[in-house]
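This report refers to the structure that appears directly beneath it.
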Amino acid sequence: MLQRFEDEAAAAERPVVRVDLRRTTCWPVLWGVWADQVRMHERAVLLVDDADQCEAWEEEFPHRFLPLLPRGTLVVMTARRAPADQWVADPGWRRALRVVRLAELAADSAAELLHSEGVRPELHEKVLDFAGGHPLALRLAAASAAYGPTHPAMWHPSHDLVRRLRDHLVGDVPCPDHLRALQVCAHTRATREDLLREVLPSTAPAPLFDWLRRQPYIDSGPSGLSPHDAVRAVLDADMRWRDPQGYADMHERVRTHVVSRALTAGGPSALPAAMALTHLHRPGGFMGRFVTWQEADSVHEDHYHSRDREALLGLTERAEGSQAAAAAGFWIARRPDAFRVLRRTDTGEPVAFTAWLELRKPDGPETSADPVLATVWEHCRETAPLGGGGPHPPAGGV
């Protein structure tokens, strides 16, 4: 990324001074040298890589070193952690500072990168499942896939690839308890303290949760903590290889907790609980055909509103054709309360829906409008009538 900044600065005829704090132990002494280099030019660009490798960067840089630079200097600093609140709260720096979070590549950009690296199209999905949108993980995985097996079922990330990515993305952890908490977090869709308490009963969950929350590769969402896709894949693959029995034991404890939540959840918490359960079975291949976990908490469940009608009919027609859309329109008009809409969290746009229809006896208009329901009632007449009791599974609709 800094190389791109350097290229653009050169194209704009702005001189560049580049500093890598990972390779510098005496940076307080050298800062004066770098500042002198910047002063030699007008409109210079100072690139500082791994700024947070300096423990005092959040105090020393804004108050001691950056003020030494001449007006017009552009400073670009990269770090694994966002700047402290004091940077943003300072009235002077708030006007000059722009904080940009480097997100993962979108799916189409990630696929384009794999194509440019010579990865065969039939392997793209397998590589993307492992590397997500992380550029380094994609490049290293692409180097492995470009000259490896041609069939997707035969390609797997090598142990060396997993080790290299773990060293780069995660690095050292304070102690075995932190590692186990990280492995649990990587194995589940979202982690909260109650999960850590149940899966790791011999540890204190609160300090581990706080430590996880501060890591640069962990995101905090409504359902809990979630690692970046590449970090999740690397940690899960590493533990599955190095400790198969420990991995199986952890999976069983996590599954017990998740199943308990899924059985008792209701209302808005039902969908996240169900997603947490299906997430545990993602490596099998079957779930991945129908469920995506790429964007945690990007969709929420809501009631149907009359303004959703056209959007729901359009979704149905694209997925199942005009006949199914006509049936869906009939049920929306007849039983709107039976419909639940899944919406994008950011825009409210409907992206899917379900209908739970409780049907007690044949109804002429219903069987005429829905051929699936007509077939169901015909089957009931030929075999046995519906039994009494609680609600039945959906017999018709979409």
Side-chain angles (χ1 to χ4, degrees), residues 52-53 55-59 79-86 101 132 162-163 165-266 268-283 293 296-297:
D52 53 348
Q53 293 300 306
E55 293 183 359
W57 78 290
E58 289 167 333
E59 290 129 14
R80 291 169 66 87
R81 294 180 289 110
D85 292 340
Q86 63 194 44
R101 184 179 185 273
V162 169
R163 178 193 60 77
L165 283 172
R166 177 185 155 167
D167 290 347
H168 178 83
L169 300 176
V170 178
D172 297 329
V173 295
C175 74
D177 284 346
H178 290 82
L179 176 59
R180 285 191 287 268
L182 194 53
Q183 290 166 337
V184 170
C185 190
H187 193 62
T188 56
R189 182 171 182 263
T191 299
R192 286 181 171 168
E193 277 191 34
D194 58 341
L195 175 63
L196 295 177
R197 185 181 300 111
E198 187 164 329
V199 179
L200 305 173
S202 62
T203 64
L208 294 176
F209 185 87
D210 289 339
W211 177 81
L212 288 172
R213 196 177 193 174
R214 292 193 297 269
Q215 300 314 300
Y217 46 80
I218 299 287
D219 290 327
S220 299
S223 297
L225 304 179
S226 302
H228 297 173
D229 290 341
V231 173
R232 183 192 298 280
V234 165
L235 288 170
D236 215 46
D238 186 57
M239 185 181 183
R240 193 185 309 121
W241 168 71
R242 69 163 60 202
D243 186 5
Q245 187 57 53
Y247 183 88
D249 293 342
M250 177 192 68
H251 173 82
E252 189 57 34
R253 290 193 296 271
V254 169
R255 186 178 183 279
T256 299
H257 175 85
V258 170
V259 168
S260 176
R261 283 186 54 207
L263 291 174
T264 57
S269 63
L271 180 62
M275 291 292 287
L277 180 57
T278 57
H279 184 270
L280 291 180
H281 301 281
R282 67 195 184 283
W293 303 274
D297 303 304

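Model, not experiment: these values are computed from the prediction.
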Roughly how far apart are [X] [atom1] and [Y] [atom2], rounded to 0.5 Å?
| X | Y | atom1 | atom2 | answer |
| --- | --- | --- | --- | --- |
| Leu195 | Phe209 | CG | CZ | 10.0 Å |
| Asp172 | His178 | CG | NE2 | 13.0 Å |
| Leu208 | Arg197 | CG | CZ | 11.5 Å |
| Cys185 | Gln215 | SG | CD | 10.0 Å |
| Met239 | Arg166 | CE | CZ | 10.5 Å |
| Arg261 | Glu198 | CZ | CD | 10.5 Å |

Legend entry - salt bridge (Lys or Arg N to Asp or Glu O under 4.0 Å) partners for Asp167, two or more places apart: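 Result, salt bridge (Lys or Arg N to Asp or Glu O under 4.0 Å) vs Asp167: Arg163.
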Inset, instruction - In sequence, state the C-alpha distance, the side-chain angles, and the governing distance for Trp241 and Val162, and then conclude on side-chain contact (heavy atoms from CB on, under 4.5 Å). - result: CA-CA 10 Å; Trp241 168 71; Val162 169; over 6 Å; no
So, [X] side chain and [Y] main chain: donor-acceptor pair closer than 3.5 Å or not?
| X | Y | value |
| --- | --- | --- |
| Arg80 | Leu169 | yes |
| Arg232 | Thr188 | yes |
| Ser260 | His257 | no |
| Thr256 | Glu252 | yes |

Inset, instruction - Please collect all side-chain hydrogen bond (donor to acceptor under 3.5 Å, both in side chains) contacts where either partner lies in residues 204-213, sequence neighbours excluded, each pair once. - result: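 Output for this query is empty, none listed.
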Inset, instruction - Let me see the working for Leu182 and Val170 under side-chain contact (heavy atoms from CB on, under 4.5 Å), right down to the final yes or no. - result: CA-CA 10 Å; Leu182 194 53; Val170 178; 3.6 Å; yes
Legend entry - Val258 and Arg189, any side-chain heavy atoms less than 4.5 Å apart: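 Answer no - side chains too far apart.
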Legend entry - Ile218 vs Thr191 side-chain heavy atoms within contact, under 4.5 Å: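 In short, these two side chains do not touch, never coming nearer than 4.5 Å.
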Inset, instruction - Search all heavy atoms of Leu212 against all heavy atoms of Ala181 and return the closest pair with its distance. - result: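 Taking every non-hydrogen atom into account, CD1-O, 4.0 Å.
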Inset, instruction - Before accepting this row, confirm whether a basic side-chain N of the pair Arg180/Asp177 lies closer than 4.0 Å to the acidic partner's carboxylate O. - result: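 Yes, charged N to carboxylate O under 4.0 Å.
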Inset, instruction - Could you tell me whether Asp236 and Arg240 have a side-chain N and a carboxylate O separated by less than 4.0 Å? - result: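 Judged by the 4.0 Å cut-off on N to carboxylate O distance, Asp236 and Arg240 do form a salt bridge.
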Legend entry - Pair His187-Val184, side-chain contact (heavy atoms from CB on, under 4.5 Å): steps then yes or no: CA-CA 5 Å; His187 193 62; Val184 170; 5.7 Å; no
Legend entry - Set of side-chain contact (heavy atoms from CB on, under 4.5 Å) partners for Ala265, sequence neighbours left out: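 Testing Ala265 for side-chain contact (heavy atoms from CB on, under 4.5 Å), a comparison that skips the adjacent residues, returns Ser269, Ala273.
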Legend entry - Heavy atoms of other groups near Arg255 CZ, more than 12 under 6.0 Å: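 No, not enclosed.
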